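Notes for the one structure printed next.
Values in this document were obtained by computation on a predicted structure and should not be read as measured data.
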Amino acid sequence: MKKAIPIVLGIFLLGLGIFLVYEYATEPKIVEGVMSKAIDEKGKPSDITNMFTQGETVYFSAKKNRFWINEAEIVWYKGEIKRENRFLVEEEVLVNDAKYYTAELSVPEGLEEGHYGVTIYVKGKKIMETYAEFDVKK
């Protein structure tokens, strides 16, 4: 009986370790996508909102969840988040000092009134990590 306890405990701990490594490897690598009107000096979002007026600066920020991911790709959508609604792809968004990926939506003529969305991908991957949606009003 005394030999069985360490063996059972060892098998349990091995199984738990495998499960935790699997969860870490398969969970999203970029999380908490938020829209904001400003970012602080380190790059952390402030004045978080999902309602903007025409002419305001729109920032998308997402928190980094893995130490080895330093580049991401951000895609902006007008309307529903669907491939045919893409209007701007911003590549090579790098992580900042606050461990956030931050992108500024810049449209020289300003945004039309409507519903918009943004997604973020690990650079070179096709699986969306997180997204955010926002509205622009007059």
- Message: Run the side chain to side chain donor-acceptor pair (under 3.5 Å) test against Asn65 and tell me which residues pass, sequence neighbours left out.
- Response: none

- Message: Looking at Lys29, is its backbone amide N or carbonyl O close enough to the side chain of Glu129 to form a donor-acceptor pair, meaning the two atoms are under 3.5 Å apart?
- Response: yes

- Which residues satisfy the salt bridge (Lys or Arg N to Asp or Glu O under 4.0 Å) test with Lys44, sequence neighbours excluded? none

- Message: Applying salt bridge (Lys or Arg N to Asp or Glu O under 4.0 Å), can you list everything that pairs with Lys42, at least two apart in sequence or on another chain?
- Response: none

- For the residue pair Asn96 and Thr102, confirm or rule out a side-chain donor-acceptor distance under 3.5 Å. yes

- Only one of Ile74, Val75, Leu105 forms a side chain to side chain contact (heavy atoms under 4.5 Å, CB included) with Leu88, so which one is it? Leu105

- If Ile, Leu, Val, Met, Phe, Trp and Tyr residues are connected whenever their side-chain heavy atoms lie under 4.5 Å apart, and connections chain through other members, are Val58 and Phe60 in the same group? yes

- Item | Residue of the set Asn70, Ile127, Ile69 for which side chain to side chain contact (heavy atoms under 4.5 Å, CB included) holds with Val122 | Ile69

- Those residues that, when tested against Glu113, pass salt bridge (Lys or Arg N to Asp or Glu O under 4.0 Å) (two or more places apart): none

- Task: Check side chain to side chain donor-acceptor pair (under 3.5 Å) between Asn50 and all other residues, then give those that pass, not counting sequence neighbours.
- Result: none

- Message: Under the rule for salt bridge (Lys or Arg N to Asp or Glu O under 4.0 Å), what residues qualify as partners of Lys37, not counting sequence neighbours?
- Response: Glu56

- Query: Met128 and Tyr77: same hydrophobic cluster, using ILVMFWY side-chain contacts below 4.5 Å?
  - Reply: yes

- Report the relative orientation of the aromatic rings in Tyr116 and Phe134; use parallel for angles under 30°, tilted for 30 to 60°, perpendicular for over 60°. parallel

- Message: Measuring from atom CD of Glu104 to atom OG of Ser61, what distance do you get when rounded to the nearest 0.5 angstrom?
- Response: 11.0 Å

